[in-house]
**Q** 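Can you keep this structure in mind? I'll have questions shortly.
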Amino acid sequence: MENEFSKILNKYWGYESFRPLQLEIITSIYNGKDTLGLMPTGGGKSITFQVPALAKKGICLVVTPLIALMKDQVEGLNKKGIKAAAIYSGMSYREIIITLENCIFGDFKFLYISPERLQTDLFLSRIEQLDVSMITVDESHCISQWGYDFRPSYLKISEIRELKPEAPILALTATATPKVVDDIQEKLCFKKKNVFQTSFKRPNLAYKVIHTENKYGALLELLNANPGSAIIYVRSRKKTQEISDLLNKSGIDAIFYHAGIDRITKDRRQTEWTRGDKRVIVATNAFGMGIDKPDVRLVIHTDTPNSPEAYFQEAGRAGRDGLESVAYLLIAPPDKGTLKRRISENFPEKDFIRKVYMSLGNYLQVALGSGEGINYEFELGKFCNRFKLPILQTHNALQILQHLGLIQVNDDRDNRSRLHFIASKEDIYYFEQRNPHSVDIVKTTLRSYSGLFSSYVYINEQVIAERSATSRDQVYNTYVNLDKAKLISYIPQKDKPTINYLQPRFETHLIVIRPESYEHRQERFRERVEAMLDYMEKSECRSKQLLIYFGETDAKECGKCDVCLKKSIPAFKDSYGEIKTYVLQALADSPQTLSALTQKSSFPDESLIKAIRFLEDNGLVERFGGQSFRAKIR
């Protein structure tokens, strides 16, 4: 089958060969073995289930909590001519029915579904009719109470196994400790333990911690000293714009990105950065999913992430092309206290959580015993203002209510307009005869999008308006009239977050806040915060610390992080004194490229490059204009 897998890879993705571990995972799941794949961020996880699913008969069920990723992958597969669909919170009952029926009768190869949708009677009543070839569980660490993002809804996946016992499971995740690896296989009822894992070691990536009282100054210095594409991670949306503005004023091309930006702007900014039109993107952790940019040279965190897992994933977006790259964590004196405070901020008092639940029902005007399955527009700022609630604690209380399976919080603003023609072409024709002004809009819509008569399709009213030489309002009004005439089903775009009740609203005092959703998660969170504090403060190799955390107890020192470089200073000065003298003399009069320095030198290239890196890290030389160096004015 290896030849068949390669043909599928080349036909749909244009690649000549698989990345490390992909083929082994593909072969294992294709042969019907329950399989756990631990692959680094950017390692090509989607290929490991998409290729075998295309080689198998039937449909692949993909469970993922990432709605934006779900939509992107479905759209990407459909563009390749592969039938794929998705079911997630926020869809109408009719949309879900049509999607499921298409998957049962329409020769679809992939059905993406969010974990909370697995529990619905509607899905359970239809899954018996689905010819499921395999079940893929993305972000599978979410099923483990030891995982950093445990979600109770993931526990329902084992019930789907009972309904489809012949379908093997492929569990995928980018980061997991040994305890989480074992727990994933147990919770998913693996018939036999079967793990494929590469080392978490990144030989080309140097991890460095910088203690500073002036993070903005350090940020500018690092960007000026390290050329190439960069990501700067911050914790607040406000900071993304502030730092982006600061960098632009300092002559560094930068843009900002966070979850509150509309999809069109997000896509444009990500494209600008990916193409290299903008050197730096300043972002919250909303940025990163689906990034396919191998030449990121620099990742800088100005705020400390809550866990080693989160830091490892975000820092790991640097240097995917295998070339030398750096991940910096900037630490200021107050950061230790700030990190510790996040424990109480992320787990507010239980009475406060109940208060938020009661206030939410009142705010959305949800009567007791109702609300289940209904999608409500929700703005956190307005909600907190009305009920005089602190924003951060309220946000985290909503997350806990979500973990309890009471609500689904959807902050994804990719609620693009959706359209489905439910009448026959003849009925549409008669409507056009009575409403001649709509003819161009209807015809343009049908020419612009395929599949409109079989399912809901994402559409863009502005595109239709431009192509039909009309206005966006005319397009909108035509769709509304067609919807009223029951010729189409039209769901206009919404640009606000939503909340979906997963259970009918009930009396606040009946809320049971289970230990696995509060105390257990709080304790795990505290352990991860302490691990990050150790990472910040210990004088141990940064890479080794991370590798040991992920179970690689035989990890060696990297030789390139800030801790290792400090340890090597005395020996380095003795061994490389002659090279240091040569480099500084060569740069005394004018800048030199790395190529020029190596050509004129009698020293081994490797030793010279190492010496230059040492001098650069210690502020004796600086890089500019790509690969040129000059003596740093002190």
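Remember, it's a predicted structure, so these values are computed and weren't measured experimentally. Just so you know, residue 1 is the first one in the sequence shown, and it goes up from there.
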**Q** Over all heavy atoms of both residues, which pair between S92 and I491 is shortest? Give the atoms and the distance, please.
**A**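 Minimum heavy-atom separation between S92 and I491: OG-CD1, 4.1 Å.
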
**Q** Using 30° and 60° as the class limits, which term best fits the ring planes of F312 and F200: parallel, tilted or perpendicular?
**A**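 Correct class here is perpendicular.
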
**Q** Output yes when a side-chain donor or acceptor of D277 lies under 3.5 Å from a complementary backbone atom of W273, and no otherwise.
**A**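 Pair absent, no side-chain N/O of D277 close to backbone of W273.
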
**Q** A quick test of your reading: do over 12 heavy atoms of other residues, nucleotides or ligands sit less than 6.0 Å from NZ of K156?
**A**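 No - once you tally the heavy atoms of other residues, nucleotides and ligands closer than 6.0 Å, there are 12 at most.
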
**Q** Can you check whether H141 and Y148 have ring centres sitting under 6.0 Å from each other?
**A**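 Distance test on ring centres: under 6.0 Å, yes.
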
**Q** Does NZ or CZ of R418 fall inside the cone over Y490's six-membered ring, less than 6.0 Å from its centre and within 45° of the axis?
**A**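 No; the conditions do not both hold, so R418 does not lie above the ring face of Y490.
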
**Q** Would K179 pass as a cation-pi partner of W146, given that its NZ or CZ must be under 6.0 Å from the six-membered ring centre and within 45 degrees of the axis?
**A**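 Here K179 passes the 6.0 Å and 45° test against W146.
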
**Q** Short question: side chain of N78, backbone of V74 - any donor-acceptor pair under 3.5 Å?
**A**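 Yes; judged by distance alone, with no hydrogens or angles, the pair exists.
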
**Q** Under 4.0 Å between a Lys/Arg side-chain N and an Asp/Glu carboxylate O for E272 and R269?
**A**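 Result for this pair is no, no salt bridge flagged.
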
**Q** Do other residues, nucleotides or ligands put more than 12 heavy atoms under 6.0 Å from K80 NZ?
**A**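 Enclosed.
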
**Q** Could you walk me through whether S489 and Y456 pass the side-chain hydrogen bond (donor to acceptor under 3.5 Å, both in side chains) test, one step at a time?
**A** CA-CA 8 Å; S489 176; Y456 282 86; 2.5 Å; yes

**Q** Considering non-hydrogen atoms only, spot the tightest contact between T240 and R237 and give its length.
**A**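 The pair with the smallest heavy-atom distance is OG1-O, 2.5 Å.
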
**Q** What closest approach, in Å, do H301 and A315 show between heavy atoms, and which atom pair accounts for it?
**A**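 Scanning both residues completely, I find the closest heavy atoms to be CE1-N, 4.0 Å.
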
**Q** How close do R320 and R202 get, heavy atom to heavy atom, and via which atoms?
**A**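 Closest heavy-atom pair between R320 and R202: N-NH2, 3.8 Å.
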
**Q** Does K443, at its NZ atom, have more than 12 non-hydrogen atoms belonging to other residues, nucleotides or ligands within less than 6.0 Å?
**A**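 12 or below, so no.
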
**Q** Count the heavy atoms of every other residue, nucleotide or ligand shown that sit under 6.0 Å from NZ of K164, and state whether that count exceeds 12.
**A**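 More than 12 within 6.0 Å, yes.
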
**Q** In terms of side-chain geometry, is the basic nitrogen of K71 or E75 positioned less than 4.0 Å from the acidic oxygen of its partner?
**A**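 Looking at K71 and E75, the cut-off is not met.
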
**Q** Between Y112 and L66, is the side chain to side chain contact (heavy atoms under 4.5 Å, CB included) condition met? List the steps.
**A** CA-CA 10 Å; Y112 287 74; L66 306 171; over 6 Å; no

**Q** Assess the residue pair E139 and K45 against the criterion (salt bridge (charged side-chain N to carboxylate O under 4.0 Å, His left out)); give the C-alpha distance rounded to whole Å, side-chain angles, the decisive distance to 0.1 Å, and a yes or no.
**A** CA-CA 10 Å; E139 307 297 330; K45 286 189 293 178; 3.7 Å; yes

**Q** Does K544 pair with E557 as a salt bridge, N-O distance under 4.0 Å?
**A**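 Judged by the 4.0 Å cut-off on N to carboxylate O distance, K544 and E557 do not form a salt bridge.
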
**Q** Taking NZ, NE, NH1 and NH2 as the nitrogens, is one of them in D34 or K192 under 4.0 Å from a carboxylate oxygen of the other?
**A**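 Salt bridge flag = no for K192 with D34.
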
**Q** Closer than 4.0 angstrom, basic N to acidic O: yes or no for D295 and R297?
**A**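 Between R297 and D295 there is no salt bridge, as every charged N stays at least 4.0 Å from the carboxylate O atoms.
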
**Q** For the residue pair F287 and Y233, does the interplanar ring angle fall in the parallel (under 30°), tilted (30 to 60°) or perpendicular (over 60°) class?
**A**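 Rings of F287 and Y233: tilted, 30 to 60°.
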
**Q** Please determine whether salt bridge (charged side-chain N to carboxylate O under 4.0 Å, His left out) holds for the pair K193 and D182, giving the CA-CA distance in whole Å, both sets of side-chain angles, and the decisive distance to 0.1 Å.
**A** CA-CA 8 Å; K193 286 191 174 184; D182 288 339; 3.3 Å; yes

**Q** F5 and F18: aromatic ring centres closer than 6.0 Å?
**A**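 Ring-ring flag for F5/F18: false, centres at least 6.0 Å apart.
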
**Q** For the side-chain contact (heavy atoms from CB on, under 4.5 Å) test, which of V63, I160, L100, I127 pairs with I113?
**A**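 Exactly one candidate clears the test, V63.
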
**Q** Looking only at heavy atoms, what is the nearest atom pair of M1 and A55, with distance?
**A**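 In terms of heavy atoms, the two residues are closest at CE-CB, 4.3 Å.
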
**Q** Given 3.5 Å as the limit, does a donor-acceptor pair link the side chain of S454 with the main chain of G451, or not?
**A**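 Yes, because the side chain of S454 sits within donor-acceptor range (under 3.5 Å) of the backbone of G451.
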
**Q** I'd like to know whether E309 forms a side-chain hydrogen bond (donor to acceptor under 3.5 Å, both in side chains) with Y549, so could you lay out the CA-CA distance, the side-chain angles of the two residues, the decisive distance to 0.1 Å, and finally the verdict.
**A** CA-CA 9 Å; E309 290 94 334; Y549 180 84; 3.1 Å; yes

**Q** Whether K83 and D107 form a salt bridge (side-chain N of Lys/Arg under 4.0 Å from carboxylate O of Asp/Glu) is what I want to check.
**A**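 Salt bridge flag = no for K83 with D107.
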
**Q** Which heavy-atom pair separates Q22 from G44 by the least distance, and what is that distance?
**A**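 That closest heavy-atom pairing would be NE2-O, 3.0 Å.
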
**Q** Do K56 and Y30 form a cation-pi contact, if we require the NZ or CZ to be under 6.0 Å from the six-membered ring centre and within 45 degrees of the ring's axis?
**A**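 Geometry flag: set, cation within 6.0 Å and 45°.
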
